[in-house]
Amino acid sequence: MSATVRYEIGADVRCGDEVCGRVDRVVIDPVRRRLTHLVVGPGKETPRLVPVDLVAEDAEKAKEIVLRCDHEEFARLAPAEQSEFLPGPADDFGYDPDRVMLWPYFGPNAAIIGMSTPRAAVDALDQGPVTRERVPAGTVQIRRGERVEATDGETGRVHGLVIDPESDTITHVLLAEGHLWGRKTVAIPLADVTRVGDTIRVGLSKDELKSLPDAGVGTVE
């Protein structure tokens with residue numbers, strides 16, 4: 001069996017000779033239980049969707065994730081966020097709502113408010129950009145700090161994932177340090193994970209999780 005690879009949410013990500021951001025969240029296929037993408041941001045650029053096959057082997061040994069691309073190639077990856085327009089009101093400019101879209105942010109002094117200014121444009125001045133997260137269809141995101149629930153209640157927070165690098169299959173979920181029984185990182189076998197989403201549920205009790213070995217260093221078998 002090949003050594004596993006740890007993907008800790010919050011780890012630095014390097015493109016060539018420079019750090020291009022940090023792992024903001026991970027994207028998984030919940031049916032195949034595979035890691036598909038890393039969301040890397042904020043850095044200097046818009047957060048990017050990084051396919052997991054761009055991660056260089058043995059990157060975790062340097063306590064950071066190294067990508068097989070330079071900064072220019074990284075900047076061309078698909079954005080993980082997208083700004084959207086606001087639908088216009090009925091009869092605005094004589095068009096139907098589905099034919100009128102308004103940019104949701106104008107900034108200081110970007111428009112002069114007068115009697116002829118559409119109401120929707122006035123309202124939009126008070127709003128920031130409307131941003132939506134983008135992930136491939138059929139996948140879900142996991143963030144650092146999302147709740148982990150045992151069979152007898154909440155037990156800690158997500159710290160990251162452990163992956164088999166040959167297949168990108170998730171083998172363990174890392175439970176964040178600082179849970180109820182002390183500061184150690186626990187690797188929960190994926191076979192014991194019953195649900196992945198906003199909350200990760202496991203089929204083990206708090207006492208059973210407490211008995212798992214400390215996975216704070218090295219690889220997980």
Side-chain angles (χ1 to χ4, degrees), residues 1-16 19-43 45-84 131-148 157-176 185 187-202 215 219-221:
M1 177 179 175
S2 61
T4 54
V5 178
R6 301 168 66 108
Y7 287 86
E8 295 189 2
I9 302 171
D12 286 338
V13 178
R14 183 173 295 277
C15 307
V19 173
C20 51
R22 293 184 175 182
V23 179
D24 181 68
R25 50 197 185 272
V26 294
V27 182
I28 71 168
D29 179 336
V31 176
R32 300 175 65 190
R33 300 198 167 193
R34 294 179 64 248
L35 178 69
T36 64
H37 296 78
L38 308 178
V39 175
V40 177
E45 311 287 345
T46 301
R48 299 289 168 179
L49 277 169
V50 179
V52 70
D53 58 9
L54 280 182
V55 177
E57 294 181 2
D58 298 330
E60 81 287 354
K61 293 181 180 179
K63 303 301 181 182
E64 63 183 7
I65 293 174
V66 180
L67 302 182
R68 289 194 293 264
C69 66
D70 59 26
H71 191 79
E72 290 185 1
E73 293 170 320
F74 172 79
R76 291 196 294 269
L77 295 174
E81 296 177 353
Q82 176 177 338
S83 295
E84 295 184 353
T131 302
R132 302 282 186 263
E133 294 177 350
R134 302 174 66 249
V135 297
T139 63
V140 297
Q141 301 184 94
I142 296 178
R143 292 174 170 80
R144 185 187 182 97
E146 287 186 345
R147 299 189 341 166
V148 178
R157 303 281 171 167
V158 172
H159 186 62
L161 301 175
V162 180
I163 306 297
D164 178 343
E166 292 186 357
S167 62
D168 297 326
T169 302
I170 302 167
T171 64
H172 297 76
V173 173
L174 294 174
L175 187 64
T185 300
I188 306 170
L190 193 66
D192 294 316
V193 175
T194 59
R195 181 185 183 276
V196 176
D198 293 338
T199 298
I200 293 180
R201 296 196 176 111
V202 299
T219 58
V220 178
E221 299 299 336

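All residue numbers refer to positions in the sequence shown, counting from 1. When reading the values below, keep in mind they use all heavy atoms of this one structure, side chains included, and skip hydrogens, waters and symmetry mates.
- Under a 3.5 Å cut-off, the side chain of Arg22 and the backbone N or O of Asp12 do not form any donor-acceptor pair.
- Judged purely by atom type and a 3.5 angstrom limit, Arg25 has no side-chain atom pairing as donor or acceptor with the backbone of Arg143.
- Applying the side-chain contact (heavy atoms from CB on, under 4.5 Å) test between His159 and each of Leu175, Thr185, Val173 identifies Thr185 as the sole match.
- Under the 4.0 Å criterion applied to side-chain N and carboxylate O atoms, Asp168 and Arg34 are assigned as salt-bridge partners.
- The distance from the CZ atom of Arg32 to the CD1 atom of Ile170 is 11.5 Å, given to the nearest 0.5 Å.
- The two residues Pro30 and Gly138 come nearest to each other via the heavy atoms CD-O, 3.3 Å.
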May I have the step-by-step check of side chain to side chain contact (heavy atoms under 4.5 Å, CB included) for Tyr7 and Val23, ending in yes or no? CA-CA 8 Å; Tyr7 287 86; Val23 179; 5.9 Å; no
Dump the intermediate steps for side chain to side chain contact (heavy atoms under 4.5 Å, CB included) on Leu161 and Ile28, then the final yes or no. CA-CA 10 Å; Leu161 301 175; Ile28 71 168; 4.0 Å; yes
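- Within the 3.5 Å criterion, the main-chain N or O of Val27 finds a donor-acceptor partner in the side chain of Thr36.
- Taking CG of Leu35 as the reference point, atom OG1 of Thr139 lies at 10.5 Å (rounded to 0.5 Å).
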Output, in order, the C-alpha distance, side-chain angles, deciding distance and verdict of side chain to side chain contact (heavy atoms under 4.5 Å, CB included) for Val50 and Val13. CA-CA 11 Å; Val50 179; Val13 178; over 6 Å; no
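- The shortest heavy-atom contact between Leu49 and Pro79 is CD1-O, 4.0 Å.
- Residues Val39 and Ala80 approach most closely at CG1-CB, 3.6 Å, considering heavy atoms.
- Summarising the geometry of Leu174 relative to Glu8, their closest heavy-atom pair is CD1-CG, 4.4 Å, with the distance given to 0.1 Å.
- Taken to the nearest 0.5 Å, the CG atom of Leu38 stands 5.5 Å off from the CD1 atom of Ile65.
- Looking only at distances, a side-chain donor or acceptor of Arg144 sits under 3.5 Å from a matching main-chain atom of Ile9.
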